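All remarks here apply to the structure that follows.
Computed from a prediction, not measured in an experiment: that's the story for all the values here.
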Amino acid sequence: MKKNLNARTITIVVTILICIYGIINFPTSRAQLVQNFKDNIRLGLDLKGGTHMVLQVQVQDAVKADADQTMDRMKEDLKKQNIAWASMDRNEPTDVKDADKVEISIKGVPSTMSSAFRAVVTEHYPTYVLTVVNSTDYTMKLKPSDLVALERDTVTRAIDTIGNRIDQLGLAEKAVQQYGASGADFEILVQLPGVDDPARVRGLIGTAAVLEITDVKDGPFPTREAGLAQHGGVLPLNTKLVMMMPRAGAEGQQWYLVGKSPVISGAEMRNARAGQDEYRKWETNFNLSPDGGKRFGRYTESNIGNRLAVVLDNKIVSVATIQSKIEDSGRITGLSSEEESVDLSRYLRSGSLPAGVKYLDERSIGPSLGADSIKEGMYAGIAGLIAVVAVMLVYYKRSGINAVLALLLNTVILLAAISYFHAVLTLPGIAGVILTIGMAVDSNVLIFERIREELRTGKGVIAAVDAGFDKAWWTIVDTHVTTIVSCAFLFLFGEGPVKGFAVTLTIGLAANVFTAVFVSRTIFGYELSGHRQMEALSI
């Protein structure tokens with residue numbers, strides 16, 4: 001018996017030490033204790049204050065990008081099959097609700113080659129529906145099922161990319177998730193607790209960050225109107241006018257006529273880093289995927305002497321002349337500052353968003369509201385704890401001390417789990433903590449009442465305690481499992497605050513099983529181990 005108690009005691013002490021370390025990291029001063037506690041117990045937006053953003057993913061951009069890639073591949077396939085065509089283009093829907101209206105138009109296919117053309121489309125482009133306009137013209141649109149899959153994947157990738165960017169800024173307490181129950185509006189909710197520079201974060205997250213490397217057709221022009229006038233007021237097919245990003249010390253604007261379909265897109269970026277060139281000017285070096293590198297190599301090899309533009313967010317970052325074949329790496333030069341170089345490398349390294357994003361809403365939540373919530377939550381928790389402790393000590397006498405000690409350890413374990421799992425404590429999470437207190441008391445009540453019943457039947461104290469714990473065990477398991485199942489559904493189908501409540505309550509229930517059964521029984525074991533024949537139990 002003594003050996004078993006020693007093993008249990010060691011387990012409990014080790015657990016307490018691990019929990020204390022997780023919460024306060026064994027500080028050397030009072031100031032460090034407070035700071036460690038604040039660093040380890042992370043508060044959510046509703047408690048700490050911060051920035052709340054809603055972004056809309058422009059899924060039509062991803063559909064248009066898929067159409068552009070399809071056109072590039074189709075041109076190669078048709079050339080291989082010696083199938084002629086007069087023009088190949090797509091339309092320009094600008095609203096997310098018009099993503100299903102993106103279509104590719106192929107004109108001038110000889111009627112004698114129509115069968116071969118259809119065979120190429122059927123074999124190589126099964127995700128598209130081919131529609132016959134007349135004997136020589138066709139249109140292609142994504143199948144509805146593939147369109148929905150592409151839209152869903154675009155939103156998911158945008159969430160992952162934005163999350164990665166926030167991680168690189170060290171904002172671990174982020175919340176990035178789909179906004180709205182149906183997701184039909186393609187919106188993303190971004191919550192950043194404790195952000196002290198929301199303008200820069202908004203610039204990093206909210207930007208479309210769509211990177212393209214495309215060929216330069218003409219320019220520069222001093223104004224957009226001058227570029228249009230140079231071509232008779234009508235832009236050549238598959239081209240667009242893009243302005244050069246303003247530079248420090250530069251005078252006036254510069255506009256270039258570039259290709260609408262990029263040679264390389266940001267999706268093919270694999271790594272990027274800030275650096276300086278031989279003249280100590282800031283630049284960003286990047287690496288491409290193997291497929292992107294091969295395609296870029298073929299293009300640059302056949303276009304030596306022509307110009308390329310690096311376009312970010314529909315603004316030209318750099319224009320350079322192709323001097324030799326470039327394959328899997330390159331650099332963006334002429335950046336104005338280290339911050340610009342570092343931010344650009346973050347854009348590229350975290351992945352280009354699969355589509356642009358539109359800024360819909362931003363709300364700054366002050367910390368005073370959160371402070372009031374914390375204060376009221378603490379008052380509620382302390383009041384509930386005092387009431388519970390008083391009732392347990394009055395009703396169950398000395399045995400109530402067991403329940404109080406187990407209850408305090410339950411709270412310590414819960415806070416330590418929040419720290420170790422890097423969870424964020426929100427106002428619903430505080431509600432989960434308070435509810436956990438009630439569940440912990442409920443478990444002790446079940447055990448104590450069972451012990452009382454065994455004592456009434458005439459059993460000895462030691463036998464009654466053992467029977468009380470053994471027979472209450474399955475009841476405790478049943479009540480906790482049913483509650484955890486409910487928490488699982490809250491976590492799967494709820495939004496952020498609801499998920500926080502579910503996680504906190506689940507951790508508390510798991511800790512409760514350990515404290516109410518294992519710890520409380522160990523305390524009873526010490527109380528009974530010193531008595532060979534105990535005639536009464538204070539319960």
> Taking Asn134 for the side chain and Asp137 for the main chain, is one N or O donor matched with an acceptor at less than 3.5 Å?
Replying inline: yes
> Can you tell me if Lys75 uses its side chain to pair, donor with acceptor, with the backbone of Met88 under 3.5 Å?
Replying inline: no
>> Heavy-atom count check: over 12 atoms from other residues, nucleotides or ligands less than 6.0 Å from Tyr299 OH?
In response: yes
> Looking at residues at least two apart in the chain, or sitting in another chain, which of them share a ring pair (Phe, Tyr, Trp, His ring centres under 6.0 Å) with Phe491?
Replying inline: none
> Has the side chain of Tyr179 got a donor or acceptor atom that lies under 3.5 Å from a matching backbone atom of Phe186?
Replying inline: no
> What pairs of residues pass the side-chain hydrogen bond (donor to acceptor under 3.5 Å, both in side chains) test when at least one of them lies in residues 105-118, not counting sequence neighbours?
Replying inline: none
>> A side-chain contact here means heavy atoms from C-beta on lying under 4.5 Å apart; do Tyr125 and Met74 qualify?
In response: yes
> Just how far is it from atom CG of Leu78 to atom CD of Gln81, taken to the nearest 0.5 Å?
Replying inline: 8.0 Å
> Which pair of non-hydrogen atoms, one from Leu490 and one from Ala502, has the smallest distance, and what is that distance?
Replying inline: CB-CB, 3.9 Å
> Out of curiosity, Met53 CE to Leu189 CG, how far, rounded to the nearest 0.5 Å?
Replying inline: 11.0 Å
> If you measure from CD1 on Ile159 to CD on Gln177, what distance do you get to the nearest 0.5 Å?
Replying inline: 8.0 Å
> What do the steps show when you test Val357 against Ile188 for side chain to side chain contact (heavy atoms under 4.5 Å, CB included), and what is the final call?
Replying inline: CA-CA 9 Å; Val357 291; Ile188 297 175; 5.5 Å; no
> What closest approach, in Å, do Gly293 and Leu288 show between heavy atoms, and which atom pair accounts for it?
Replying inline: N-CB, 4.0 Å
> Would you call Asn306 and Val216 a side-chain contact if the rule is heavy atoms closer than 4.5 Å?
Replying inline: no
> Under the salt bridge (charged side-chain N to carboxylate O under 4.0 Å, His left out) rule, what pairs show up with a residue in residues 215-237, not counting sequence neighbours?
Replying inline: Asp215-Lys217
>> Using side-chain heavy atoms (C-beta onward) and a distance below 4.5 Å, is Lys141 in contact with Thr131?
In response: no
For residues 234-243, dump all side-chain donor-acceptor pairs below 3.5 Å to protein atoms at least two apart in sequence or in another chain.
residue, atom, partner, partner atom, Å
Thr239, OG1, Pro236, O, 2.6

> What pairs with Asp100 under salt bridge (charged side-chain N to carboxylate O under 4.0 Å, His left out), at least two apart in sequence or on another chain?
Replying inline: none
> Can you name the nearest heavy-atom pair linking Val102 to Ala67, along with the distance?
Replying inline: CG1-CB, 4.2 Å
>> Looking at every heavy atom in both His231 and Gly227, which two are closest together, and how far apart are they?
In response: ND1-O, 3.2 Å
> Step by step, would you call Arg90 with Glu103 a salt bridge (charged side-chain N to carboxylate O under 4.0 Å, His left out)?
Replying inline: CA-CA 6 Å; Arg90 64 160 172 80; Glu103 67 177 17; over 6 Å; no
>> With rounding to the nearest 0.5 angstrom, report the CG to CG distance, Asp68 to Asp66.
In response: 9.0 Å
> What pairs with Ala431 under side-chain contact (heavy atoms from CB on, under 4.5 Å), at least two apart in sequence or on another chain?
Replying inline: Phe501
> Considering all heavy atoms of both residues, which atom of Ala99 and which atom of Glu151 are nearest to each other, and what is their separation?
Replying inline: CB-OE2, 3.5 Å
> Tyr128 and Ile104: side chain to side chain contact (heavy atoms under 4.5 Å, CB included), yes or no, with the steps?
Replying inline: CA-CA 10 Å; Tyr128 277 81; Ile104 300 171; 4.1 Å; yes
> Quick one: side-chain contact (heavy atoms from CB on, under 4.5 Å) partners of Thr300, sequence neighbours excluded?
Replying inline: Phe296, Leu308, Ile322, Lys325, Ile326
> Is there any ring pair (Phe, Tyr, Trp, His ring centres under 6.0 Å) pair reaching into residues 55-94, and which pairs are they, with sequence neighbours excluded?
Replying inline: none
>> Working note: Glu187 + Val57, criterion side chain to side chain contact (heavy atoms under 4.5 Å, CB included); need CA distance, chi angles, decisive distance, verdict.
In response: CA-CA 6 Å; Glu187 295 177 359; Val57 182; over 6 Å; no
>> Under the side chain to side chain contact (heavy atoms under 4.5 Å, CB included) test against Ile316, which residue among Thr214, Val310, Val311 passes?
In response: Val311
> Hey, mind stepping through Leu55 and Val190 against side chain to side chain contact (heavy atoms under 4.5 Å, CB included) and telling me if it holds?
Replying inline: CA-CA 8 Å; Leu55 311 174; Val190 179; 4.2 Å; yes
> Considering residues at least two apart in sequence or located in another chain, which fulfil the side-chain contact (heavy atoms from CB on, under 4.5 Å) criterion with Lys143?
Replying inline: Val129, Ser145, Asp146
> Which atoms form the tightest heavy-atom contact between Leu505 and Gly432, and what is the distance?
Replying inline: CD1-O, 4.0 Å
> Just how far is it from atom CG of Asp61 to atom OG1 of Thr154, taken to the nearest 0.5 Å?
Replying inline: 9.5 Å
> Do the side chains of Ile106 and Thr139 get nearer than 4.5 Å, heavy atoms only?
Replying inline: no
>> To the nearest 0.5 Å, what is the distance between CH2 on Trp282 and CD on Glu338?
In response: 3.5 Å
>> Test: salt bridge (charged side-chain N to carboxylate O under 4.0 Å, His left out). Region: residues 78-89. Which pairs qualify, not counting sequence neighbours?
In response: none
> Would a 4.5 Å heavy-atom cut-off, applied to side chains only, mark Lys64 and Pro93 as touching?
Replying inline: yes
>> My understanding is that only residues two or more places apart in sequence, or in another chain, count here; which of them pass ring pair (Phe, Tyr, Trp, His ring centres under 6.0 Å) with Tyr138?
In response: Phe117
> Is the backbone of Gln56 close enough, under 3.5 Å, to the side chain of Gln58 for a donor and an acceptor to pair up by distance?
Replying inline: yes
> In chain order, what residues pass the side-chain contact (heavy atoms from CB on, under 4.5 Å) check against Asn82, with sequence neighbours excluded?
Replying inline: none
